[in-house]
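Below is one structure, written out as structure tokens, with a few remarks after it.
Here is how names work: the chains are called A, B, and so on, in the same order as the sequence lines, proteins then strands, and each is numbered from 1. Only this structure's heavy atoms are used, side chains among them; waters, hydrogens and symmetry mates stay out. These figures come from a predicted structure and were not determined experimentally.
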Amino acid sequence: MARPFDVRSVEAKWQERWRLDGTYEVDNDDPRERYYALCMYPYPSGAAHQGHVRNYTFGDLVVRYQTMRGKAVLSPFGFDSFGLPAENAAIKAGSHPRIFTESRMAELKQSVQRLGAVYDWRREVMSHDPQYMKYSQLIFLAFLRAGLAYRAEAPVNWCPGCATVLANEQVLADGTCERSGDVVERKNLEQWFFRITDYADELLNDLDSLEWPERVKTMQRNWIGRSEGVEFDLVVADDPTMVLRVFTTRPDTGFGITYAVVAPEHPMLDALTTDEQRPAVEDLVARATSLSEVERTSSSDSGTGLTKRGAFTGRYVLNPFTGESVPLFVADYVLGTYGTGAIMAVPGEDERDLAFARAYDLPVVHTVERPEGTADGAYAGDGSHINSGFLDGLNVADAKAAATAFLVERARGRATVNYRLRDWLVSRQRFWGCPIPVVYCDACGMVPVPEDQLPIVAPDDVVMDRNGQSPLATHAAFRDTTCPVCGGPARREADTMDTFTDSSWYFLRYTDPFSEGRPFDPAQAAKWMPVDQYIGGIEHAILHLLYARFYLKALVDIGLAPGLPREPFTRLFTQGMIRLDGSKMSKSKGNLIAPEQYFDRVGADALRVFHLFVGPPGDDVDWTAQTEDVIEGCARFLDRIYRLATDATLQVRPRDESLDRPVERAVHRTIKRVTTDLDRWSYNTAVAAVMELLNTVSKWAHDDGVEPSVLAEALDVMVRLVAPMAPHVSAEIWEIRHPGEPSVHAQPWPVADPDLLVEETLTMVVQVNGKVRARLEVRADITDEAASAAAMADETVRQYLAGATPSRIVARAPRLVNIIV
RNA sequence: GCCCGGAUGGCGGAAUCGGCAGACGCGGAGGCCUCAAAAGCCUUUACUCGAAAGGGUGUGUGGGUUCAAGUCCCACUCCGGGCACCA
């Protein structure tokens with residue numbers, strides 16, 4: 001393409017100028033209204049790909065737009081620089097993860113700068129920076145003091161081939177290791193946890209106040225999985241001293257209990273098992289625990305989607321409602337980790353219980369009357385109770401209340417709430433992460449590292465091989481230390497923290513990046529928090545966003561963040577993915593389209609406009625053969641603005657109201673459209689609106705000649721409207737048109753003149769029986785009566801009426817009249 | 001299996017409150033400029049019947065509400081994403 005200007009040198013020139021000017025560096029005491037715009041900090045996987053480009057294009061548009069609206073915009077950048085890929089690459093190359101990480105950060109930074117995205121680089125944060133680690137560890141210790149961090153045994157994915165722990169995403173759907181192909185086992189290890197479940201209710205309730213996409217809020221609600229129910233005791237039939245605690249959300253169906261189930265992990269299982277049943281039970285337990293979690297839950301059959309495996313324990317328990325003895329089973333469909341690890345089974349109203357009852361030939365009693373024609377499966381809906389003694393005739397809600405009262409009185413029951421959410425397991429048996437700052441002393445036990453000894457940094461001289469243990473566990477100089485309490489020999493914790501802990505507070509460090517002695521000064525953070533606009537991928541809808549919300553609430557509660565809001569991100573926008581040949585574009589899939597070639601060929605501005613224009617920002621983008629053409633079209637659009645705005649050859653003529661007024665109206669309508677579109681995340685239509693304006697102005701200028709003041713106003717507005725979208729070319733045009741004046745990016749955002757938004761006349765549609773038959777030019781303030789009269793008087797309309805008398809006329813002046821005959 | 005999205009020309013998409021379906025762009029067709037090409041500019045482009053004037057049809061499918069439905073309601077099909085036995 002022949003361009004009217006040298007894209008590469010123009011873009012390089014402005015990028016250099018923005019860097020030197022520091023326009024987008026903001027101080028915490030800036031007097032302007034504050035705005036915190038944030039893109040999720042990236043894992044440095046190398047040079048940027050189109051997903052990054054899309055993310056930072058949106059983010060930079062927000063930064064530049066809000067700056068033009070007069071705000072002090074905090075726009076920081078940093079790196080989620082700990083993580084597994086760098087560690088694996090280092091193992092493969094026999095190198096150090098820092099080397100990979102730092103070179104990749106440099107590449108990504110370079111791409112981001114060539115995109116023309118502007119940041120306050122003084123505030124850059126990297127999670128592997130010892131200065132950052134120091135405070136990640138300090139927060140951990142604060143959590144520990146506050147009782148929010150604790151140690152417990154937990155099962156991990158253990159690969160016998162690699163002799164190491166795998167992350168869930170490294171375990172394939174068939175339960176094997178993605179690297180070695182070995183069957184992954186479950187193994188119990190002592191692990192660190194954070195008590196996120198203490199915040200379950202608040203995390204759930206506060207979602208209501210957030211301007212987030214509904215589907216993200218729904219995903220978080222489901223993840224937390226609050227359910228109200230009753231806990232009560234089932235008494236063992238032949239030994240009233242033994243009771244089994246169960247949890248149910250359907251106490252009202254209690255008359256339908258025909259058996260009960262304990263989880264294979266249940267602590268009382270051994271005591272509950274009779275000698276003759278012990279072999280069968282042990283067999284079932286061995287099977288359930290030897291399988292990986294994936295395998296245990298993935299086997300299916302066609303009917304219910306699930307195969308239930310169980311064994312009779314030899315015991316019976318008493319149904320508290322009927323006093324009958326029902327058999328007690330162990331089955332792997334009951335989880336040890338949820339509720340009490342044991343259930344009452346009601347196959348009449350629960351699908352899973354029904355599947356088990358059918359497999360083991362257990363009786364089914366219906367306790368809720370089902371509507372006519374309901375399939376003969378388990379019925380979970382509302383209805384009148386039957387076969388239920390004192391509950392008969394009650395609906396589900398009333399029966400629940402009555403049954404709960406009954407259980408509270410007769411079976412040591414209590415109303416309770418359970419959550420699907422579990423505590424956050426933060427231990428990782430990894431090298432390339434933030435070490436957990438505790439030591440183990442033979443005399444004193446677990447001892448926190450004193451804060452003045454932070455940060456605990458992993459040594460550089462480690463051997464990155466794959467012998468199965470974290471390099472930290474075998475590195476004597478790191479491992480062996482002295483106890484801070486008694487001075488005796490001690491071992492350092494060899495595990496590192498989940499990298500989600502790093503990303504749970506980086507946005508706070510940005511507000512006060514040089515803070516010493518504490519993660520951030522709450523007074524400084526309070527100047528910016530909460531983040532006004534957070535932008536990132538939908539893939540972080542649950543974990544990252546939930547953990548970050550938990551962190552801030554906890555930091556406020558334990559005194560590290562007094563005065564801060566309890567929610568970090570007011571508005572969230574989740575951008576769509578870029579897909580190539582139907583699958584997500586990502587480094588791990590190796591299907592990246594590098595932006596560099598576009599920077600060289602068409603320029604960053606054209607690529608930015610493409611990402612804004614191609615479709616709704618929240619939708620996925622398919623990168624296809626046509627994409628190249630669309631990007632060129634975007635470059636063409638920018639070239640046309642450039643040519644028109646710098647064209648000195650246009651014919652000049654005197655002002656003519658009838659020619660110029662429509663152009664002025666178009667300009668101000670466009671200001672209105674673009675402004676509302678930018679505010680409602682409709683970037684594709686905002687670009688389209690500017691394209692339309694360009695077409696209008698361009699046609700007018702060429703057909704009618706130019707009235708200089710109208711043209712100047714139109715062009716200056718247009719350049720300001722595209723400034724957040726295509727910052728380089730707009731800055732260049734502005735400089736040509738206004739030499740010596742402040743940059744377009746320092747100009748105020750245009751404001752629409754309300755007088756020019758009011759239409760004097762417009763086109764009214766006349767329908768006959770709902771079909772459009774005529775269009776009339778009418779005054780904007782026409783009444784319904786006058787509109788109907790005008791419609792009836794129209795010659796074309798009369799032809800369609802063919803003399804018939806309308807039975808009804810619907811008038812919606814000034815838009816439409818519908819004549820019904 | 002459950003939950004959440006989505007389906008509109010050849011393609012990406014627009015239609016903010018139930019009121020002109022297809023804005024804007026890509027691609028296609030024709031033309032201007034040129035020795036020629038590239039670039040640029042102009043016209044045209046949902047489908048269909050028709051020589052034209054003009055008519056008919058049309059927003060995944062089938063029903064419904066309404067003067068009027070891409071938009072609201074019911075049932076379904078297909079596609080994408082998330083979660084996988086949460087009692």
Side-chain angles (χ1 to χ4, degrees), chain A residues 1-4 213-216 218-219 221-223 225-227 229 246-250 261 263 293-294 296-298 300 303-308 331-335 337-346 350-353 355-356 418-422 538-539 541-542 576-577 579 582 584 609-610 613-616 618-622 624-634 636-637 639-640 643 673 676-677 680 682 684-692 694-695 698-699 702 763-767 769-772 775 806-812 815-820:
Chain A
M1 279 176 82
R3 308 291 296 267
E214 269 315 310
R215 76 180 161 135
V216 174
T218 303
M219 283 161 84
R221 285 191 191 104
N222 293 342
W223 187 262
R226 183 181 200 273
S227 61
V246 296
F247 172 72
T248 182
T249 56
R250 293 296 304 276
V261 188
E293 195 159 354
V294 175
R296 179 171 156 187
T297 58
S298 64
S300 61
T304 60
L306 298 160
T307 297
K308 309 276 183 257
D332 64 2
Y333 81 95
V334 173
L335 307 176
T337 50
Y338 184 79
T340 60
I343 62 158
M344 62 178 225
V346 185
D350 186 282
E351 204 182 308
R352 298 153 302 179
D353 294 345
F356 189 84
N418 261 301
Y419 300 90
R420 185 186 168 280
L421 181 71
R422 298 183 205 170
I538 187 74
E539 65 270 23
I542 297 174
M577 296 184 309
R579 283 191 309 233
K584 181 187 173 175
V609 171
F610 163 77
F613 181 64
V614 67
D619 286 6
D620 290 351
V621 176
D622 274 307
T624 66
Q626 192 192 228
T627 299
E628 301 282 329
D629 289 328
V630 180
I631 293 171
E632 298 224 334
C634 292
R636 209 148 44 221
F637 160 62
D639 290 351
R640 289 182 62 209
R643 280 199 206 92
R673 280 175 67 185
T676 46
D677 284 352
R680 70 183 180 115
S682 187
N684 52 331
T685 53
V687 174
V690 179
M691 287 174 167
E692 274 184 69
L694 174 64
N695 290 343
S698 174
K699 192 171 166 56
H702 289 108
T763 306
M764 183 177 78
V765 169
V766 183
Q767 297 177 335
N769 288 333
K771 288 186 194 266
V772 179
R775 291 183 170 81
S807 60
R808 183 176 172 192
I809 299 178
V810 180
R812 290 288 180 274
R815 294 267 164 224
L816 172 137
V817 171
N818 190 8
I819 302 166
I820 319 300

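- Considering only side-chain atoms of Val630(A), the nucleotide from C4(B), G25(B), G27(B) that sits closest is G25(B).
- Picking from C26(B), G80(B), C41(B) the nucleotide with the shortest atom distance to the side chain of Arg640(A) gives C41(B).
- Whole-Å rounding puts the Ile343(A) CD1 to A87(B) C1' distance at 5 Å.
- The gap from the P atom of G64(B) to that of A14(B) amounts to 30 Å, rounded to the nearest Å.
- Partner assigned to C76(B) is G60(B), using Watson-Crick or G-U wobble distances below 3.5 angstrom.
- Atoms CZ and CE, from Arg636(A) and Met691(A) in turn, are 9.5 Å apart once rounded to the nearest 0.5 Å.
- For the pairing with Val334(A), the side-chain contact (heavy atoms from CB on, under 4.5 Å) check across Val261(A), Val246(A), Thr340(A) returns one residue only, Val261(A).
- Nearest nucleotide to the side chain of Thr248(A), out of C67(B), A87(B), U57(B): A87(B).
- Arg812(A) and Asn818(A) share no donor-acceptor pair across their side chains, judged by distance under 3.5 Å alone.
- Separating the C1' atom of G6(B) from that of U45(B) is a span of 28 Å, rounded to the nearest Å.
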For nucleotides 11-17 of chain B, give me every protein contact, N/O to N/O, under 3.5 Å, one pair per line with atom names.
{"from": "C11(B)", "atom 1": "O2'", "to": "Gln626(A)", "atom 2": "NE2", "distance (Å)": "3.3"}
{"from": "C11(B)", "atom 1": "O2", "to": "Gln626(A)", "atom 2": "OE1", "distance (Å)": "3.0"}
{"from": "G12(B)", "atom 1": "O2'", "to": "Val614(A)", "atom 2": "O", "distance (Å)": "2.6"}
{"from": "G13(B)", "atom 1": "O3'", "to": "Asn684(A)", "atom 2": "ND2", "distance (Å)": "3.4"}
{"from": "A14(B)", "atom 1": "OP1", "to": "Asn684(A)", "atom 2": "ND2", "distance (Å)": "3.0"}
{"from": "A15(B)", "atom 1": "OP1", "to": "Arg680(A)", "atom 2": "NH2", "distance (Å)": "3.4"}

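- When the P atom of A84(B) is taken as reference, atom CG of Leu421(A) falls 12 Å away, rounded to whole Å.
- In this structure, of C85(B), A84(B), G80(B), it is C85(B) that holds the atom nearest to the side chain of Tyr333(A).
- Distance Asn769(A) CG to A68(B) P: 9 Å, rounded to the nearest Å.
- One distance of note links CZ of Arg775(A) with CD of Gln767(A); it measures 10.0 Å at 0.5 Å rounding.
- Toward the 5' end of RNA chain B, the nearer of the two residues Met219(A) and Ala342(A), judged by each one's closest nucleotide, is Met219(A).
- Across the protein-nucleic acid pair, Ile820(A) atom CD1 and A68(B) atom C1' stand 8 Å apart, rounded to whole Å.
- Look at CG on Asp332(A): it is 11 Å from P on C85(B), rounded to the nearest Å.
- Across the strands present, A37(B) finds no partner; the criterion is a Watson-Crick or G-U wobble pair with both atom distances under 3.5 angstrom.
- The gap from the P atom of G40(B) to that of C26(B) amounts to 10 Å, rounded to the nearest Å.
- Base engagement by Arg775(A) is indicated by at least one non-hydrogen atom pair under 4.0 Å involving a base atom.
- Using a 4.0 Å heavy-atom distance criterion, Glu214(A) is classed as making no nucleic acid contact.
- Where Val765(A) and Asp353(A) meet RNA chain B, the nucleotide closest to each residue was compared, and Val765(A) sits on the side nearer the 5' end.
- Between the OH atom of Tyr338(A) and the C1' atom of A84(B) there is a distance of 15 Å, rounded to whole Å.
- Considering only side-chain atoms of Arg636(A), the nucleotide from C24(B), G27(B), C83(B) that sits closest is G27(B).
- Within the nucleic acid shown, Ser807(A) has no heavy atom closer than 4.0 Å to any nucleic acid atom.
- For Arg812(A) against G19(B), a side-chain N or O and a base N or O form a donor-acceptor pair under 3.5 Å.
- Separation of the C1' atoms belonging to A75(B) and A84(B) is 28 Å when rounded to the nearest angstrom.
- Rounded to an integer number of Å, the gap from CD1 of Ile809(A) to C1' of A68(B) is 15 Å.
- Rounded to a whole Å, the CD1 atom of Ile819(A) is 16 Å from the P atom of C20(B).
- Minimum heavy-atom separation, Ser227(A) to Tyr338(A): OG-OH, 2.9 Å.
- Distance noted for atom C1' between A23(B) and C83(B): 39 Å (whole Å).
- G22(B) makes up no base pair with any nucleotide shown, lacking Watson-Crick or G-U wobble contacts both under 3.5 Å.
- Residue contacts for Arg808(A): at a heavy-atom cut-off of 4.0 Å it reaches a base atom on one of the strands shown.
- With C20(B), G56(B), C3(B) as the choices, the nucleotide that has an atom nearest any side-chain atom of Lys771(A) turns out to be G56(B).
- Applying the 4.0 Å criterion to OP1 and OP2 of A84(B), one finds that Arg420(A) has a side-chain N or O inside that range.
- One N or O donor and one acceptor, one from the side chain of Asn818(A) and one from the base of C67(B), sit under 3.5 Å apart.
- Residue-level contact check: Asn418(A) touches neither bases nor backbone, having no heavy atom under 4.0 Å from any strand.
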